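To start, the structure under review is shown below, and the notes come after it.
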Amino acid sequence: MDSGTYDVVVIGAGPVGENVADRVVRGGLTAAIVERELVGGECSYWACMPTKALLRSATALRAARRLPGAREAVTGDLDASAVLRRRDSFASNWSDDGQVSWLDSAGIALYRGQGRISAERVVEVTGADGATVSLTARHAVVVATGSGALIPEVTGLRAAAPWTSREAAAASEVPGRLAIIGGGVVATEMATAFAGLGSVVTVLARDGVLPLAEPFVGERVTRSLRDAGVSVRLGAEAASVHRDGDGTVRVTLTDGEQVDADELLVATGRTPNTQDLGLDRIGLKPGAWLTVDDTLRVVDGDGALIGDGWLYAAGDVNRRVLLTHQGKYQARAVGDVIVARAKGEPVADGQWGRHVPTADERAVPQVVFTDPEVASVGLTAAAAAAAGLRIRVVDYDLAAVAGAALHADGYQGHARMVVDEDRQVIVGFTLVGPDVAELLHAATIAVVGEVPLHRLWHAVPAYPTVSEVWLRLLEAYGR
């Protein structure tokens, strides 16, 4: 068995693992990274980048058609083949050569294969050829293996070979009919994408559309999907699934109704990629989410550190926030705290400290790239009230802002800020409307910085932009 010793060994070379290793090396330590699939991970090849490429062309076409003058210049329909080719380019044609080259330039050693923890600070890597390498970490092992699609226990579902987010993101053809089980982010984005590409789409949204967002978000996205020809079945639940010999997928609902499709996408949640990591060898349960402390060290069921705290978990696998940008944020904190501990430097482990991803609990930004877009950060009104805050909710019609009227004829949108009345700061902000994603970071700064409303009054928005909604919200609040 070959072997190697590094300061840090990272299992998982997605964006989270890459960022951990990069921060560690920048801090003067050595790092090795283990990857069983493609370097770059889910986001690069089966999620963030390819899915947004699937969505963007139709978004641009809709935007042009909403403007007189531009509308008249548009001839023909969307070229689905061209969209798929562009998507392929953003997925690097499912080649990780560029990512591997970056690892090499950054001084990070790459080991391909399945990584398993075999002992304290020891990771065994089994390659495709069966050869095994033993890697020893002087300071830390970091699990950054992410999550996979959850397939619910529905009769016949697995046997019907449904799509997950991976197959949808990498589809080589646009199905004539697409059924989707789920109503969350993946379900609504892929419904938007494939409807734009020409599929007849049916969404089976048992728990509603975007049920974790502010209620007006789901209402507007549902209306827009239906306007685009998507059949949105609220409350519909699959009882069984069968794929016929001709390839047709038949979904039987609990009320007996049947939905036929050429492909079925399952988008009902995520499950941790921890089944084959050797967790049982250190007293943890394979296939379970990993629980962590404030600096993302893994703890057992009693809250005790694993050993002396040598094991960390960052990204989806710790279930704090299942978003790529938030995982990368965690990765920066993990890399830096490992370096600090290795060098005996102070650890900033208080709220908003350098080594603590406090924003995971207070200020998570998210964009849903549907039509209209949804952008949010912090708490919804319901979540803030449930947390015991004394809040005031302020709403404003985005269409009433001059910049929105200029942006597109018939612009429709909505903005909401949730104010902690005791501290006079914003704890939640939600926007829904065309192209609102680029407005989100201002709200994120306001929430993270806990900027008092009396100071926000002096942040004057440029005219005429959609950002003028900030002034209108403050006026509505009564500042």
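Computed from a predicted model, the values in this text were never measured in an experiment.
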Inset, instruction - Go through the steps for His414 and Asp397 under the test side chain to side chain donor-acceptor pair (under 3.5 Å), then give the verdict. - result: CA-CA 5 Å; His414 194 82; Asp397 180 5; 5.6 Å; no
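For the ring pair (Phe, Tyr, Trp, His ring centres under 6.0 Å) condition, no pair includes a residue of residues 270-300, sequence neighbours left out.
Arg423 has a carboxylate O that lies under 4.0 Å from a charged side-chain N of Glu450, or vice versa, which qualifies the two as a salt bridge. Salt-bridge annotation for Glu468 and Arg472: present, with a side-chain N of the basic residue lying under 4.0 Å from a carboxylate O of the acidic one. Look at Arg116 and Asp276 and you find a salt bridge, because one of the NZ, NE, NH1 or NH2 atoms lies within 4.0 Å of a carboxylate O, short of that distance. Ionic pairing of Lys328 and Glu18 is not present here: no N-O contact between side-chain nitrogen and carboxylate oxygen is shorter than 4.0 angstrom. Using a cut-off of 4.0 Å between Lys/Arg side-chain N and Asp/Glu carboxylate O, Asp22 and Arg26 are scored as salt-bridged.
Nearest heavy-atom pair, Val432 versus Leu398, reported as atom, atom and distance to 0.1 Å: O-CD1, 3.7 Å. Counting all heavy atoms, side chain and backbone alike, Val174 lies closest to Ser199 at CG1-OG, 3.1 Å.
Between Ile306 and the choices Val299, Leu284, Leu290, the side chain to side chain contact (heavy atoms under 4.5 Å, CB included) rule is met once, by Leu284. For the salt bridge (Lys or Arg N to Asp or Glu O under 4.0 Å) with Asp371, the qualifying choice from Arg226, Arg62, Arg56 is Arg62, the only one to do so. Paired with Arg320 under the rule salt bridge (Lys or Arg N to Asp or Glu O under 4.0 Å), one option of Asp293, Asp360, Asp294 passes, and it is Asp360.
A donor-acceptor distance shorter than 3.5 angstrom exists from the side chain of Thr274 to the backbone of Ala288, with no hydrogens or angles considered. A donor-acceptor distance shorter than 3.5 angstrom exists from the side chain of Asn273 to the backbone of Ser147, with no hydrogens or angles considered. A donor-acceptor pair under 3.5 Å is formed between the side chain of His355 and the backbone N or O of Ala348. Judged by distance alone, with hydrogens and angles left aside, the side-chain atoms of Thr444 form a donor-acceptor pair with the main-chain N or O of Leu440 at under 3.5 Å. Between the side chain of Thr51 and the main chain of Cys48, a donor-acceptor pair closer than 3.5 Å is present. At distances below 3.5 Å, not a single donor-acceptor pair connects side-chain atoms of Thr222 with backbone N or O atoms of Glu219. A donor-acceptor contact shorter than 3.5 Å is absent between the side chain of Asn19 and the backbone of Ala331. Panel note: side chain Arg87, backbone Ala171; a donor-acceptor pair is recorded below 3.5 Å. Side-chain atoms of Thr358 come within 3.5 Å of backbone N or O of Trp352 as a donor-acceptor pair. Of the possible polar contacts, one joining the Glu189 side chain to the Phe369 backbone as a donor-acceptor pair under 3.5 Å is found.
The shortest distance between side-chain heavy atoms of Val142 and Val8 falls below 4.5 Å.
In this structure Arg341 satisfies the side-chain hydrogen bond (donor to acceptor under 3.5 Å, both in side chains) test together with Thr295, Tyr312, sequence neighbours excluded. Not counting sequence neighbours, the partners of Glu214 by the side-chain hydrogen bond (donor to acceptor under 3.5 Å, both in side chains) test are Arg416.
Using bins of under 30°, 30° to 60° and over 60° for the plane-to-plane angle, the ring pair Phe194/Trp163 lands in the tilted bin.
Atom CD of Glu345 is surrounded by more than 12 heavy atoms from other residues, nucleotides or ligands within 6.0 Å. Under a cut-off of 6.0 angstrom, the local environment of CD in Gln412 is sparse, with at most 12 non-hydrogen atoms contributed by other residues, nucleotides or ligands.
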